[in-house]
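Heads up: the structure comes next, in structure tokens.
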Amino acid sequence: MMTAHASSTPTPLNIIIHPQSLFSILDHTLRRNEGQERVIGTLLGQRSEDGTEIEIRSAFAVPHIESAAQVEIDMEYHKTMYNLYHKANPKEILVGWYATSLELNAFSALIQNFYSSVSDGTYPYPAVHLTMQANPSADISIKTYISTNVGVLPDKISESCLFVPVPNELRYSESERSGLELVASAKNNENRDTSIISDIASLEKSVEEVIAMLERVSAYVSSVQDGTTPGNVAIGKFLVANLSLAPRIDADELEKLFNSHLQDILLVVYLSNTIKTQMELFNGLKRTAVIS
């Protein structure tokens with residue numbers, strides 16, 4: 001019998017979701033059996049020292065069978081996969097589970113209590129439950145919860161709990177951002193494909209985006225100074241903090257430094273190609289000498 005246990009440990013105040021885990025969940029959704037309404041799986045990640053913030057970094061599918069009368073979970077598969085993931089990345093621990101449906105029912109409570117259990121769950125910390133709705137005709141909807149026990153009869157405690165919503169945010173690195181932008185660029189194409197742009201085109205696009213952001217910020221500051229837009233203290237402090245980090249240098253000097261840096265890069269590229277050509281020539285002469 002799977003039971004849940006109350007805990008006095010800090011509950012998470014924010015859930016950080018990394019794109020890799022969402023891609024794993026979406027892949028599981030696309031590969032589900034025909035007629036299967038939802039699929040479930042395990043969430044792995046990291047927990048802050050004070051327990052108030054959880055990062056969901058990866059996820060893996062867990063086979064289960066669900067009907068109107070009962071739900072069966074392959075617990076041995078979950079334990080085996082978790083041990084393999086934990087050996088590959090010891091920093092990632094069990095933080096909860098996901099389901100590809102926004103519905104919360106008695107079966108959700110039963111699974112939640114399993115992931116919150118003492119023996120193989122997240123105890124003494126509460127397990128995180130992530131729900132995702134991924135219909136092709138609608139935007140992806142993501143919600144995160146933790147649970148707490150409710151006063152019920154002892155024989156019903158394993159399938160009863162109160163789900164409490166917890167705010168979440170999607171966080172990604174700069175390298176992940178480039179990949180996400182490339183994937184997002186295919187959403188308006190009928191065949192859902194896109195081509196990888198060159199480094200120069202990517203640089204040009206980045207510069208154009210920076211110029212557009214600077215123009216938007218400049219227009220906002222001008223409108224505040226003119227009195228057409230009410231000022232915001234938080235935005236003002238944010239702009240001052242960021243502008244103080246920028247080096248004080250005039251445009252001519254900046255252009256000179258940029259051109260000098262560009263020449264250094266071209267020189268490195270030229271030397272690399274020269275060394276590569278010399279190595280290929282050496283290998284060719286060596287093979288000729290061996291044959292002769």
Side-chain angles (χ1 to χ4, degrees), residues 4-28 40-62 78-79 81-102 104 108-109 111-134 139-150 161-181 233-235 237-238 241-242 245:
H5 299 263
S7 172
S8 59
T9 55
T11 57
L13 303 178
N14 187 39
I15 308 295
I16 299 172
I17 306 172
H18 289 261
Q20 181 180 351
S21 60
L22 296 182
F23 282 129
S24 298
I25 298 173
L26 289 173
D27 181 69
H28 188 194
I40 68 171
T42 299
L43 299 175
L44 304 176
Q46 296 180 353
R47 185 181 289 107
S48 61
E49 293 183 359
D50 57 4
T52 58
E53 187 174 83
I54 292 178
E55 291 189 31
I56 300 175
R57 293 182 170 269
S58 58
F60 63 85
V62 176
H78 156 74
K79 295 176 184 178
M81 288 297 295
Y82 172 67
N83 291 333
L84 291 174
Y85 269 79
H86 191 59
K87 287 181 180 179
N89 194 345
K91 293 184 179 180
E92 292 189 3
I93 60 175
L94 175 67
V95 295
W97 67 289
Y98 69 83
T100 55
S101 172
L102 299 181
L104 300 173
S108 300
I111 301 172
Q112 176 74 7
N113 287 334
F114 163 69
Y115 277 93
S116 303
S117 63
V118 176
S119 57
D120 301 302
T122 60
Y123 183 84
Y125 297 96
V128 174
H129 178 35
L130 183 149
T131 62
M132 175 187 289
Q133 185 68 50
D139 293 337
I140 295 176
S141 178
I142 300 173
K143 296 182 179 180
T144 48
Y145 304 88
I146 58 172
S147 63
T148 182
N149 290 340
V150 294
C161 68
L162 175 65
F163 285 95
V164 181
V166 179
N168 63 77
E169 62 175 294
L170 182 62
R171 184 177 299 180
Y172 44 83
S173 62
E174 288 299 322
S175 58
E176 291 174 329
R177 178 182 178 180
S178 300
L180 292 173
E181 289 179 348
V233 178
I235 296 178
K237 291 182 178 179
F238 181 79
N242 281 271
L245 299 176

So which atom in Ser116 and which in Ser147 form the shortest heavy-atom distance, rounded to 0.1 Å? OG-OG, 4.3 Å
Could you check whether any side-chain heavy atom of Val62 comes within less than 4.5 Å of a side-chain heavy atom of Met81, counting everything from C-beta outward? no
Within the side chain of Asn242, is there an N or O that forms a donor-acceptor pair under 3.5 Å with the backbone of Phe238? yes
How long is the span from the CD atom in Gln133 to the OG1 atom in Thr100, to the nearest 0.5 Å? 8.0 Å
Using 0.5 Å steps for rounding, measure from the OG atom of Ser101 to the CD1 atom of Ile40. 12.0 Å
Distance-minimising heavy-atom pair for Glu92 and Leu44: OE1-CB, 3.9 Å
Tell me the closest heavy-atom pair linking Tyr82 and Phe60, and the distance in Å. N-CZ, 3.7 Å
Side-chain contact test, heavy atoms from C-beta onward, threshold under 4.5 Å: evaluate it for Ile15 versus Leu130 and give yes or no. no
Under 4.5 Å between any side-chain heavy atoms of Val128 and Val166, yes or no? no
Run the side-chain contact (heavy atoms from CB on, under 4.5 Å) test on Arg57 and Asn89 for me, step by step, so that the C-alpha distance in whole Å, both residues' side-chain angles and the decisive distance to 0.1 Å come before the verdict. CA-CA 11 Å; Arg57 293 182 170 269; Asn89 194 345; over 6 Å; no
A side-chain contact here means heavy atoms from C-beta on lying under 4.5 Å apart; do Tyr145 and Gln112 qualify? no
Check whether any side-chain heavy atom of His78 sits under 4.5 Å from a side-chain heavy atom of Phe114, and report yes or no. yes
When you compare the side chain of His18 with that of Glu55, does any pair of heavy atoms fall below 4.5 Å? yes
Rounded to the nearest 0.5 Å, the CD1 atom of Ile25 sits from the CD atom of Gln20 at a distance of 11.0 Å
Are Met132 and Leu22 side-chain neighbours, meaning at least one heavy-atom pair lies under 4.5 Å? yes
Where do Pro126 and Ile146 come nearest, in terms of heavy atoms and distance? CB-CB, 4.2 Å
Applying side-chain contact (heavy atoms from CB on, under 4.5 Å), can you list everything that pairs with Ile235, at least two apart in sequence or on another chain? Tyr220, Asn232, Leu239
Tightest non-hydrogen contact, residues Ser21 and Ile56, listed as OG-O, 3.6 Å
Among Ile142, Thr131, Leu43, exactly one meets side-chain contact (heavy atoms from CB on, under 4.5 Å) together with Tyr98. Which residue is that? Leu43
Within this structure, what is the CG-CD distance for the pair Asn14 and Glu169, rounded to the nearest 0.5 Å? 4.5 Å
Got Ile16 and Glu53 here, is their nearest side-chain heavy-atom distance under 4.5 Å? yes
Of all heavy-atom pairs linking Phe163 and Pro165, the shortest is O-CD, 3.8 Å
